[in-house]
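Each remark here refers to the structure printed beneath this line.
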Amino acid sequence: MLFNSRAFLICFLPLALAIYAIASRRENWRLPVLLGLSIAFYSYWDWNLAPLLVLSILINWIAARIYGRTRNRHVVTAAIIANLAVLGTFKYLDFLIANASAMLGEQPGALVFATTLALPLGISFFTFHHIMYLTDLRDGKAPLYDPVRYGLYIGFFPQVLSGPLVRWHEFMHQLDSNPFAPGWERRAVTGALLIVLGLLQKVFLGDRLATVVEPAFAAAAVHPVAAGLAWQGILAFTFQIFFDFSGYSDIAIGLGLLFGVRLPENFAAPYRATSLRAFWRRWHMTLSRFLRDYLYVRFGGNRHGLDRQVAAVLVTMALGGLWHGAAWTFVAWGLLHGFGLAAGVLWRARELPMPPLVGWMLTFVFVMLTWVFFRAATFEAAWRMFDGLFLQTEWGPEFRWHTIALAAVIAFGAPPTAAIVERLGMNRWVAAAAGVTLAVLLMEIGGDQTAEFIYFKF
Amino acid sequence: MVPVRDGGETGASARNWLTVFLTTSAVCFFGAAAFIVAADPYDAGRFSLIKMRGLVDERAMFAAASRGRDPDFDAAVIGNSHAQLINPRRLSDLTGRHFVQLSMQGAPITAQEATARFFIEHHKGTPVAMLFVIDDFWCTPGPPPPGFPFPFWLYGDDDWSYLANVIGPDGLSKAVARVGLALGLKERTWRDGFDNVEEKYSNFWNAENFTATFTAAPPWASQDVGAPIPKVDKLRALIDRASPGSRFALLWTPYYVNALPAAGSPAEARLRECKQTYAALAAGRLDTAIVDWRVRSPLAENTGNFSDATHVRLVVAHMLEDAVAPALAR
């Protein structure tokens with residue numbers, strides 16, 4: 001079920017809230033009911049995949065219990081490897097087979113065989129949740145939890161599909177509070193505003209920009225692209241992916257608040273960053289934290305000299321790229337960001353100056369151009385886009401700049417959504433405007449074709 | 001974390017906020033939804049409170065629902081842009097029937113089938129006449145390529161799908177237009193569906209531009225010699241749904257000679273196979289005729305007869321009307 005669908009907003013959400021409110025009157029019912037609602041939400045998409053989520057929760061919980069009794073670190077290590085193996089099977093096996101067959105001299109694309117397994121929704125995200133908890137458990141930082149609480153940490157429906165990647169210590173204690181205790185209305189107001197603003201970003205910016213992006217990258221997949229088409233394609237994608245994912249994150253955070261859980265922020269005006277390091281502290285912030293704490297730091301971080309730090313950055317970002325999708329284009333995207341971050345490390349090590357405006361321009365242009373590898377399905381398509389951007393002299397079709405310009409103004413000028421929500425306050429005119437906006441959004445999102453969030457396929 | 005102000009005020013103002021928010025959104029959305037459904041924006045005859053006919057919508061794929069269920073018409077032209085210049089008024093004069101144009105540019109076979117089925121279902125008990133303009137797309141073995149945004153929900157039986165789709169910005173604007181029509185503020189879109197595209201596109205449809213476009217069959221023509229032609233079964237099933245006494249004609253319109261498949265080519269063999277398949281369908285029924293003008297002829301060699309390599313001009317469309325009329329006459 002998509003957050004941006006009428007089925008979710010008109011049926012599931014009010015029903016789930018009502019059921020949860022009733023269940024909250026009996027403390028021992030509340031969390032099992034919330035877990036049941038979360039699994040129902042996950043199953044709506046494809047009930048065949050629900051057992052995978054349930055088994056994943058149970059097996060990891062059992063591994064944690066065994067570790068709790070035996071203190072055998074190998075149990076946790078084995079569980080982490082098993083999680084990565086499941087993720088690898090669903091997400092990377094065909095990629096590995098394709099590369100292996102290419103190395104064996106087969107024609108590119110002619111696999112020895114392919115599993116064609118469907119990628120279970122959210123697997124990349126709930127695998128990382130397991131890893132964060134298990135790693136901290138092994139390090140003595142995390143306690144043991146009962147299966148319902150652990151199940152909610154993994155499967156809580158607002159964040160199960162695409163995060164935010166929340167840490168157990170940010171999440172678990174919130175389950176102990178009655179979500180409908182006095183004061184819940186204020187949290188609900190914030191949640192409702194975030195949902196409306198998130199939907200606005202997705203529906204009126206992300207989805208509209210997608211109609212500009214798709215023709216450009218579809219053309220690049222098969223033939224050279226005119227300069228105007230390439231520029232509008234990459235500019236539109238730069239803002240599309242931001243508003244699509246930022247919109248999703250705001251909805252997820254807003255839904256969390258309705259159910260009594262504050263999820264961490266994921267975006268903080270990233271396109272205003274004046275360095276690549278600052279960009280990654282503002283873009284998909286919860287993934288950045290994960291990459292920093294569970295990869296970069298464990299690869300040595302900045303504790304073993306400049307060479308090791310640069311290597312740690314490169315490996316971390318390459319793996320971060322691969323996490324997004326099973327293709328070398330994602331690895332290239334991650335590696336390029338790794339090189340960019342490494343250049344920043346060396347620049348700062350030499351204490352060279354960087355005026356903020358120059359830093360901002362360099363950062364934005366770098367991020368925009370590297371999105372080409374993120375969006376293009378193949379390197380050939382990516383090269384055609386670069387060819388269109390810098391070498392083609394034919395301008396091509398009319399430049400569809402209206403939505404791009406609006407998106408740019410908001411991305412560069414508007415504060416993060418959380419800050420907007422804080423400023424809006426309890427004014428009833430704001431409430432009425434938000435209500436009308438939600439009605440307009442509900443009108444807009446009807447029909448048989450609901451646009452998925454980009455990060456759902458990761 | 002998102003800051004949530006838990007300050008000293010009571011929750012009363014937040015409760016008021018939520019009440020205003022939920023009431024406004026519910027009233028606006030469900031009010032607009034009820035208005036759209038009651039106004040029947042595409043004149044599809046579903047859940048309608050406005051008892052009037054016609055609509056304000058020039059898009060053939062939407063307007064065909066209103067036209068297709070109009071009881072004043074007992075005959076229809078089904079096809080894509082290759083059928084658009086068939087004039088229903090002239091065909092009506094020639095046959096003694098009342099023809100409506102239900103063809104639409106770029107319509108895949110699935111859309112043509114849906115429109116034809118809709119017309120037949122809304123004329124149960126009436127013997128109808130139908131002209132199907134058959135082209136290369138009726139010969140391909142696979143499904144049509146995606147991309148044509150045909151509103152199948154408007155022509156199907158699923159009320160939930162209809163409601164899910166009709167409630168939206170387009171439905172709202174067309175519902176407002178329908179109310180304008182009811183109040184006499186708007187003019188009804190022409191009824192019989194004929195759109196003189198030759199006049200409309202005269203700027204870019206000219207002989208100089210197209211003669212070199214093809215040197216053989218168009219790229220979308222099937223070359224899968226020996227492959228099944230499942231669309232013939234769909235057409236047969238469609239025809240069988242019509243009321244007894246109905247008449248049908250299957251028309252192959254002419255192509256400019258450059259767009260005809262080269263002699264001995266797979267495309268030519270496939271076209272022959274396809275023509276034989278549809279001819280066999282017609283031969284097995286007394287109510288169905290086939291008219292084949294997709295042949296090499298002096299007409300096919302004259303650029304003056306064509307708007308582009310596969311679309312005839314009005315002058316040829318009139319000849320085609322004359323050719324099919326005997327098969328469809330009352």
Side-chain angles (χ1 to χ4, degrees), chain A residues 5-7 9-10 14 164 166 170 174 181-194 196 218 249-250 253-254 256-257 261-265 416-419 421-422 424-450, chain B residues 1-37 41 62 145-156 158 160-176 219:
Chain A
S5 67
R6 288 185 192 151
L9 292 164
I10 297 178
V166 58
E170 293 171 326
Q174 300 188 65
W184 69 269
E185 299 94 335
R186 294 178 172 283
R187 207 179 48 237
V189 168
T190 307
L193 278 171
L194 281 169
V196 171
S249 297
D250 287 336
I253 294 166
L257 287 171
V261 174
R262 294 183 197 190
L263 297 170
E265 283 176 78
T417 326
V421 168
E422 199 178 6
L424 285 175
M426 290 294 164
N427 188 318
R428 66 173 53 194
W429 290 107
V430 172
V436 172
T437 308
L438 180 60
V440 171
L441 286 160
L442 285 170
M443 273 285 143
E444 191 72 23
I445 60 177
D448 294 330
Q449 304 285 323
T450 304
Chain B
M1 295 283 180
V2 176
V4 179
R5 282 177 295 179
D6 295 326
E9 291 175 53
T10 65
S13 59
R15 263 198 301 279
N16 285 341
W17 194 101
L18 289 170
T19 306
V20 173
F21 168 70
L22 291 173
T23 308
T24 312
S25 56
V27 167
C28 289
F29 175 70
F30 289 108
F35 167 68
I36 292 169
V37 174
F62 287 92
F148 187 80
F150 184 76
F152 289 99
W153 51 268
L154 189 55
Y155 297 86
D158 184 345
W160 283 112
S161 177
Y162 171 77
L163 289 173
N165 285 280
V166 79
I167 297 168
D170 191 67
L172 183 59
S173 73
K174 295 303 170 197
V176 171

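Just so it is clear, the values below take in all heavy atoms, side chains as well, and ignore hydrogens, waters and symmetry mates. Letters go in sequence order (proteins before strands), and every chain restarts at 1.
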For B:F29 and A:I10, what are the C-alpha separation, side-chain angles and deciding distance, and is it a side-chain contact (heavy atoms from CB on, under 4.5 Å)? CA-CA 10 Å; B:F29 175 70; A:I10 297 178; 3.5 Å; yes
Working note: A:L438 + B:F21, criterion side-chain contact (heavy atoms from CB on, under 4.5 Å); need CA distance, chi angles, decisive distance, verdict. CA-CA 9 Å; A:L438 180 60; B:F21 168 70; 3.7 Å; yes
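Neither the backbone nor the side chain of B:L22 comes within less than 4.5 Å of any heavy atom in chain A. Using a 4.5 Å cut-off between heavy atoms, B:F152 does not touch chain A at all. Neither the backbone nor the side chain of A:V440 comes within less than 4.5 Å of any heavy atom in chain B. Residue A:L441 does not touch chain B at all, counting heavy-atom pairs closer than 4.5 Å.
In this structure, the separation between CG on A:L193 and CH2 on B:W17 is 4.0 Å, given to the nearest 0.5 Å.
In terms of modelled atom types and a separation under 3.5 Å, the side chain of A:R6 and the main chain of B:A164 share a donor-acceptor contact.
When all heavy atoms are compared, the tightest approach of A:M426 to B:S13 is CG-OG, 4.2 Å. Closest non-hydrogen pair, A:A188 versus B:L18, comes out as CB-CD1, 3.8 Å.
Ranking B:I167, B:V20, B:L163, B:D170 against chain A, the residue ahead of the rest is B:I167, based on heavy-atom pairs under 4.5 Å. For the set B:A26, B:G171, B:C28, B:P169, the count of heavy-atom pairs under 4.5 angstrom toward chain A peaks at B:P169.
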